[in-house]
2 protein chains.
Amino acid sequence: MTKWVKRMVTIKEVAKHAGVSVATVSRALNKNGYVSDEARKKVEAAIRELEYYPNEVARSLFQKTSKMIGLLLPDISNPYFPLLMKGIEESARENGYSVILGNVEEGSELGEDYMTLFAQQNVAGVLSAVEGTLSHGSSMPIVMLDRVLEEDDFAVYTNDVKGGKLAAQAVLDRDPGNVLIIAGPKSVPGAIDRLIGILSVLNPSDVTYQIYETTSYTIEEAEETARNIFIKYKKIDSVIASNDLFALAVMKEAQQKGLRIPDDIQVIGYDDIPFSQLIYPGLTTISQPAFKLGYQAADLLVSRIRKNKIEEKRIKLDPKLVIRDSLREKMESEDG
Amino acid sequence: MTKWVKRMVTIKEVAKHAGVSVATVSRALNKNGYVSDEARKKVEAAIRELEYYPNEVARSLFQKTSKMIGLLLPDISNPYFPLLMKGIEESARENGYSVILGNVEEGSELGEDYMTLFAQQNVAGVLSAVEGTLSHGSSMPIVMLDRVLEEDDFAVYTNDVKGGKLAAQAVLDRDPGNVLIIAGPKSVPGAIDRLIGILSVLNPSDVTYQIYETTSYTIEEAEETARNIFIKYKKIDSVIASNDLFALAVMKEAQQKGLRIPDDIQVIGYDDIPFSQLIYPGLTTISQPAFKLGYQAADLLVSRIRKNKIEEKRIKLDPKLVIRDSLREKMESEDG
DNA sequence: TTTACGTCTGTAACCGATTACACATTTTAT
DNA sequence: ATAAAATGTGTAATCGGTTACAGACGTAAA
């Protein structure tokens, strides 16, 4: 049995097979200019018989744009990203776009390289969750993911201040005692907003709290942090973590020390990564709509690409409190 | 301040600026034919001054191939994939390739669509972890990821039989009692191999075991399974789970029932997803080298694309046992 | 009947690169 | 000294599409 290598059929062959010119085939394909019913039918038949699919590269060359969007993420292995990516991929696909992946360690200059690469590939637009993404002076539309650079950027993000408030209020309602706030890196705008939200709730109250600041979101630092806080602070009754990873690490360390959760120490996380419901006790956390965020961001980008009318250039999504078992029972509210 | 839209510089402009023909620029760029030192210098200067980057689309059109590889994954949100993707992305980038993402629900026909799309984009090759990926009759090189289709496929995968043996031996060494095997969907070849490995160790011994078969790898089914097994089976002393997700779910359910791990019930997982070290007690599991797998697969694909000599068309990576705290203490070996 | 417009089609230019080919010049071999 | 080979360069064809343009119809308006 001979192994045939299928060559892609070209528009020229379709034209010949249908007995018309390439221009007519192209017009029929794109429903552009005038095409008679007769010609259209012949073309459609030829396309079907030859199994013709237009070469997107040739198209892209002429159009100076393509059906691809670039995606720039800082560290894919972050457990929060899979859902985000799924949302992006799904929305992009539904709109006829595919996604080129770019992974960049935060702070590296790879971001610029990728922007150049995207430009070389004629991508139609870029989704970026990377801090230093410059618009490369180019005409590529960009939509920021959960990070906002400048005032006039297009962006889809979650209301981190509100998320911080939600988390703080949840512990405030539940016999807080001494509160430890594990704050994310201050280089990450979202982390700052969360802290602002937390403090805006805690400050007016009379709880005592302390802040432990971290420098990254890696698992290693999460474990180290968990070890440190139990050494550094005498008595912690509540922990508000900057994300679920840190919350999990703290819970593990506490359990290893024989502390009961939530009785001896209660913990609240942030993100609601899928695992948070699979551990014991279930982690109470602030849910970020990762899938939705990705989906909407891709949608917004496509709207920009198509120059559709855009109602709002920045979409703010609301996080919400997901109650599981890592917080204590709610105290009776004093004000009814 | 006027907002300038930077247009991409073309080879023609570089040629004019350098005072040579486009052919010479192209030759200098690709270090192909003869180019005098003088011409080369002029070209390099022009490139630098104009900030020229070749249009990859135009290149791709002529070459009938591109600097992109397609990646087909069944359900990105699987926690095992982020590391895999990171490996792929890194290796691809080092080799000058970028990655187009394709997410496909297992069993859907989207896989075929994506293969067509990849062909339309002139991708240089495809990495696929999807069962039904046909080679589309086309000339695109394919490397399978952790799934093997036919005898003559190129593939990078882990030795699942060995992984199964490792897991089974680990519990066999630790006062197994009644063993429950949670087997993955039999539609997944890897799951079958793991089961084969497990049974090859358990059968010659005198432990009693039962098999619970699952149909997917979703979190929902993991939770449901965890609930079911404690109803269906009277006394379980050891659980060998098909992956960490299921192991986690079982551990949670057990802990909720007041069972102590590993004293009352011991659990071993599979995959070693990053969370397994963040839960309490730490999950003993079989580590799959996800990053390495992705990295090597991309490497193998690039070798195929470049028609390099390939020593082995299928690379088998060894899983290894990662001991944490979810298994009991090892018994004294009888033949020590 | 002439003019105008709408419909339909094909030829050829174009997008931005690569490379076959022709030609010129230099170097090497005989 | 002369042939042969190596070096250097530009023109034009090519990849596979899209579309401006021109020409050929048919029909409606004047």
Side-chain angles (χ1 to χ4, degrees), chain A residues 6-44 46-47 50-68 116-117 119-124 138-139, chain B residues 6-44 46-47 50-68 116-117 119-124 138-139:
Chain A
K6 205 196 285 178
R7 200 180 35 76
M8 275 264 149
V9 175
T10 71
I11 200 174
K12 221 167 170 174
E13 300 169 73
V14 174
K16 186 191 274 182
H17 193 268
V20 297
S21 74
V22 292
T24 300
V25 176
S26 176
R27 281 188 285 250
L29 222 64
N30 304 305
K31 310 187 192 313
N32 263 359
Y34 296 113
V35 180
S36 66
D37 267 6
E38 198 198 335
R40 164 165 291 113
K41 272 176 196 145
K42 285 193 291 184
V43 169
E44 279 164 1
I47 288 178
L50 300 180
E51 296 184 52
Y52 168 74
Y53 293 98
N55 182 326
E56 284 299 332
V57 176
R59 257 187 191 172
S60 169
L61 177 57
F62 188 89
Q63 314 275 25
K64 293 179 194 304
T65 180
S66 70
K67 288 304 219 176
M68 301 190 302
T116 302
L117 196 118
Q120 290 180 277
Q121 303 277 15
N122 280 174
V123 299
S138 89
S139 55
Chain B
K6 207 197 282 176
R7 204 181 32 77
M8 274 265 147
V9 175
T10 72
I11 199 175
K12 221 166 168 174
E13 301 169 73
V14 174
K16 184 190 275 181
H17 193 269
V20 298
S21 74
V22 293
T24 300
V25 176
S26 176
R27 280 188 285 250
L29 221 63
N30 304 303
K31 312 186 190 313
N32 264 359
Y34 296 113
V35 180
S36 65
D37 266 6
E38 197 198 334
R40 163 164 292 112
K41 272 175 197 146
K42 284 193 291 184
V43 169
E44 279 164 2
I47 288 178
L50 300 180
E51 295 185 54
Y52 168 74
Y53 293 97
N55 182 326
E56 284 299 332
V57 175
R59 258 190 190 169
S60 170
L61 177 58
F62 188 90
Q63 313 276 25
K64 293 180 196 303
T65 181
S66 70
K67 287 305 219 175
M68 301 190 301
T116 302
L117 196 119
Q120 290 179 277
Q121 304 277 16
N122 279 177
V123 299
S138 88
S139 54

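In the text below, chain A, chain B and the rest are named by the order of the sequence lines, each starting its count at 1.
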Between the CG atom in A/Asn55 and the CE atom in A/Met8, the distance rounded to the nearest 0.5 Å is 8.0 Å

From NZ of A/Lys42 across to P of C/dC8 the rounded distance in Å is 13 Å

Exercise. Does OP1 or OP2 of D/dG16 have a side-chain N or O of B/Lys64 closer than 4.0 Å?
Worked result: yes

Taken to the nearest whole Å, CG/B/Leu29 to P/C/dG16 is 15 Å

A/Lys67 atom NZ is separated from D/dG16 atom P, nearest whole Å, by 21 Å

B/Lys16 NZ to C/dG16 C1', in whole Å, measures 15 Å

A/Lys12 side chain reached by A/Lys16 side chain, heavy atoms, under 4.5 Å: no

Taken to the nearest 0.5 Å, the spacing of B/Glu44 CD from B/Leu29 CG works out to 9.5 Å

- Message: Classify B/Val57 by what it touches in the nucleic acid, base, sugar-phosphate, or nothing, heavy-atom distance under 4.0 Å.
- Response: nothing

CG of A/Asn122 to CZ of A/Arg59, rounded to nearest 0.5 Å, is 14.5 Å

Rounded to the nearest 0.5 angstrom, the CD-CD distance for A/Gln63 and A/Glu56 is 9.5 Å

query: Taking it one step at a time, do A/Thr10 and A/Val22 satisfy side-chain contact (heavy atoms from CB on, under 4.5 Å)?
result: CA-CA 10 Å; A/Thr10 71; A/Val22 292; over 6 Å; no

Within residues 33-41 of chain B, those residues having any heavy atom closer than 4.0 Å to DNA chain C are none

Here the distance between atom P of C/dC15 and atom CG of B/Asn55, to the nearest Å, is 12 Å

Separation between CD1 (B/Ile11) and CD1 (B/Ile47), nearest 0.5 Å, reads 8.0 Å

B/Leu61 has its side chain closest, among C/dT18, D/dC15, D/dG17, to D/dC15

Practice prompt. Using a heavy-atom cut-off of under 4.0 Å over every strand shown, decide if A/Val14 touches base, sugar-phosphate, or nothing.
Written response: nothing

When every non-hydrogen atom of B/Ser60 is compared with those of B/Ser66, the smallest separation belongs to OG-CB, 3.6 Å

Considering only nitrogen or oxygen atoms on both sides, find all protein atoms under 3.5 Å from nucleotides 19-24 of chain D and state each distance.
{"residue": "D/dT19", "atom": "OP2", "partner": "A/Asn32", "partner atom": "ND2", "Å": "2.9"}

To the nearest angstrom, the CD-P distance between B/Gln120 and D/dG16 comes to 14 Å

Practice item. For residues A/Val20 and A/Arg27, determine if any side-chain heavy atom of one lies less than 4.5 Å from a side-chain heavy atom of the other. Key: no

From NZ of A/Lys12 across to P of D/dT14 the rounded distance in Å is 8 Å

B/Arg59 atom CZ is separated from C/dC15 atom C1', nearest whole Å, by 16 Å

